[in-house]
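A short write-up of the structure that comes next.
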Amino acid sequence: MIVAITGGTGFIGNALVEALKARGDQVRLLSRTRGPYLWDPLAGPPPPEALDGADAVVHLAGESVSQYWTAAAKRRIRESRVAGTRNLVEGLRIMHTPPKVLISASAVGFYGDRGDEILDESSAPGTGFLPEVSQVWEAEANAASGLGIRVVTKRTGVVLHPGGGALAKMLLPFKLGLGGRLGSGRQWMPWIHLDDQIGLTLFALVTPSLSGPVNAVAPDPVTNAEFVRALGRALSRPAIIPAPAFALKMALGEMAQIVLSSQRVVPRALEQAGYIFRYPRLPDALAALYL
Ligand SMILES: NC(=O)c1ccc[n+]([C@@H]2O[C@H](COP(=O)([O-])OP(=O)(O)OC[C@H]3O[C@@H](n4cnc5c(N)ncnc54)[C@H](OP(=O)(O)O)[C@@H]3O)[C@@H](O)[C@H]2O)c1
């Protein structure tokens with residue numbers, strides 16, 4: 001299979017590129033910084049040779065949301081995804097033979113802050129910055145379905161691996177015994193092991209019944225308090241120092257909503273399509289990471 005990947009230099013993308021190469025697929029990395037397929041998502045459609053003959057496109061590029069949300073940062077977060085995805089789809093529109101499938105990143109941020117409500121792919125979006133960005137981002141990707149391309153928007157939860165993402169940031173304080181729940185700890189925190197994030201992406205590439213939104217989360221959502229307890233246990237460290245919501249809001253600003261929002265998300269579409277999770281339970285996922 002020839003797979004074109006944007007954001008392939010990032011945390012998830014890098015692991016995906018390795019997995020595809022390991023099984024003998026041909027990978028085309030579209031990157032702002034790394035050749036041969038240089039592409040700035042904001043500048044216009046990708047170079048045609050990057051997409052030509054590709055069987056699939058995986059679109060992961062986007063400005064990191066893990067930063068202080070100044071007005072300029074919010075603009076970058078939004079535009080890199082919205083204009084970037086629109087430009088990618090423009091590139092697909094002018095192809096003679098477009099790829100069969102586009103897998104485009106999205107996030108559980110789509111659902112906003114929802115208390116104990118169980119959220120599957122049919123649930124309505126939430127309100128606020130991330131739900132708004134996620135909706136337009138997905139809409140831009142879904143425009144490719146008008147070209148006969150199967151589109152999967154992967155609403156990803158917190159991807160667990162010590163090599164990046166939220167867990168990498170949490171490890172040091174937890175290892176120092178300074179970890180604990182965030183806010184009340186009652187907020188639901190959808191998570192997924194990196195291996196399953198890659199596994200379900202490979203599964204989505206070849207599963208025609210999957211299209212539209214797909215919750216990319218393990219089937220065992222936990223509250224933040226349960227998560228930090230499990231992480232403390234995996235590290236054999238106490239996890240009893242809470243970070244109050246007001247302190248998080250002062251330190252992180254508006255971005256604190258990422259860790260304080262409650263999203264009890266379940267992977268309904270993946271389970272219906274028959275995806276078998278390698279790490280369905282949190283303690284096993286953490287143990288497999290050898291933290
Ligand atoms: N990690 C998670 O837990 C998580 C959870 C939910 C959703 N997601 C979504 O999944 C996707 C991949 O996540 P990740 O953690 O692998 O991301 P990442 O490590 O931050 O990598 C994203 C890639 O996007 C490109 N990029 C960065 N800033 C950009 C900008 N301003 N404009 C255009 N391209 C830019 C970079 O590639 P180049 O420098 O090569 O161009 C970068 O390697 C993202 O869209 C993210 O929102 C991730």
Side-chain angles (χ1 to χ4, degrees), residues 4-19 27-47 50 57-67 69-70 72-88 102-112 129-131 133-138 140-141 152-170 189-198 200-201 204 213-218 221 227 255 257-259 261 263 265 267 285 289:
I5 302 185
T6 79
T9 55
F11 167 48
I12 298 171
N14 196 41
L16 179 62
V17 168
E18 291 309 313
V27 173
R28 299 203 192 135
L29 205 66
L30 282 73
S31 163
R32 294 167 307 165
T33 52
R34 206 187 292 174
Y37 302 109
L38 283 175
W39 178 52
D40 178 353
L42 288 177
V57 176
V58 181
H59 178 43
L60 303 171
E63 172 86 12
S64 174
V65 297
S66 291
Q67 58 180 305
W69 288 359
T70 59
K74 283 169 92 169
R75 229 179 358 260
R76 287 195 303 274
I77 289 167
R78 188 179 197 284
E79 281 313 289
S80 61
R81 289 176 171 75
V82 177
T85 306
R86 185 178 307 150
N87 284 332
L88 174 63
L102 166 65
I103 298 179
S104 193
S106 180
V108 292
F110 174 91
Y111 298 109
F129 177 62
L130 287 181
V133 170
S134 306
Q135 284 174 78
V136 207
W137 187 17
E138 289 190 5
E140 295 291 350
V152 173
T153 49
K154 205 168 48 128
R155 293 181 183 156
T156 296
V158 179
V159 178
L160 298 184
H161 194 271
L167 188 59
K169 294 195 175 76
M170 294 167 79
M189 191 182 146
W191 61 273
I192 182 159
H193 189 292
L194 179 62
D195 286 1
D196 274 317
Q197 176 64 207
I198 302 310
L200 68 87
T201 305
V214 169
N215 289 339
V217 300
F227 183 86
M255 191 268 261
Q257 64 184 244
I258 295 181
V259 292
S261 290
Q263 293 152 340
V265 183
L289 293 171

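Each ligand, and each atom within it, is numbered from 1 in the order the structure gives.
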Show me, pair by pair, the donor-acceptor contacts under 3.5 angstrom made by side chains of residues 33-47, not counting sequence neighbours?
{"from": "T33", "atom 1": "OG1", "to": "S31", "atom 2": "OG", "distance (Å)": "3.2"}
{"from": "W39", "atom 1": "NE1", "to": "G44", "atom 2": "O", "distance (Å)": "2.6"}
{"from": "D40", "atom 1": "OD1", "to": "L42", "atom 2": "N", "distance (Å)": "3.0"}

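Scanning all protein heavy atoms for the shortest distance to atom 6 (C) of ligand 1 gives T156 O, 3.3 Å. For atom 33 (C) of ligand 1, the nearest non-hydrogen atom of the protein is P41 CG, 3.6 Å. From the protein, the heavy atom lying nearest to atom 24 (O) of ligand 1 is G62 N, 3.1 Å. Annotation: atom 3 (O) of ligand 1 to nearest protein heavy atom, V159 N, 3.0 Å. Taking atom 31 (N) of ligand 1 as the reference point, the nearest protein heavy-atom neighbour is E63 OE1, 2.7 Å. Atom 23 (C) of ligand 1 has as its closest protein heavy atom G7 CA, 3.7 Å. Among protein heavy atoms, the minimum distance from atom 21 (O) of ligand 1 is reached at G10 CA, 3.4 Å. Of the protein's heavy atoms, R81 NH2, 3.7 Å lies nearest to atom 46 (C) of ligand 1.
Ligand 1 has W137 within reach: a non-hydrogen atom of the residue lies less than 4.0 Å from it. Note on ligand 1: Q197 sits outside its first shell, no heavy atom being nearer than 4.0 Å. Residue contacts with ligand 1 do not include A166, since none of its heavy atoms lies under 4.0 Å from the ligand. Heavy atoms of G84 stay at 4.0 angstrom or farther from ligand 1. Distances from ligand 1 to the non-hydrogen atoms of S106 include at least one value under 4.0 Å.
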Inset, instruction - Take E138 and R155 through the salt bridge (charged side-chain N to carboxylate O under 4.0 Å, His left out) test and state the conclusion after the steps. - result: CA-CA 9 Å; E138 289 190 5; R155 293 181 183 156; 2.7 Å; yes
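Looking at ligand 1, you'll find an N or O of L60 within less than 3.5 Å of one of its N or O atoms. By the 3.5 Å distance cut-off applied to N or O atoms, F11 is counted among the residues near ligand 1. Note: an N/O pair closer than 3.5 Å links I12 and ligand 1 by distance alone. Taking any N or O of S80, backbone or side chain, none lies under 3.5 Å from an N or O belonging to ligand 1. Considering backbone and side-chain N/O atoms, T9 comes within less than 3.5 Å of an N/O atom of ligand 1.
Checking R76, R155, R32 against atom 30 (C) of ligand 1, the nearest heavy atom belongs to R32.
The two residues G157 and V217 have their closest heavy-atom pair at N-CG1, 3.8 Å.
At a heavy-atom cutoff of 4.0 Å, ligand 1 is contacted by the side chain of A105 but not by its backbone.
Within the 4.0 Å cut-off (strictly below), no protein heavy atom is located near atom 17 (O) of ligand 1.
In this structure a side-chain-to-backbone donor-acceptor pair under 3.5 Å is missing from E79 to G84.
With ring centers used as reference points, F129 lies under 6.0 Å from W69.
For the side-chain contact (heavy atoms from CB on, under 4.5 Å) with H161, the qualifying choice from I12, L194, L167 is L194, the only one to do so.
For ligand 1, the atoms lying closer than 4.0 Å to a non-hydrogen atom of S31 are 38 (P), 40 (O), 41 (O). For ligand 1 and G157, the ligand atoms under 4.0 Å from any heavy atom of the residue are 3 (O), 5 (C), 6 (C).
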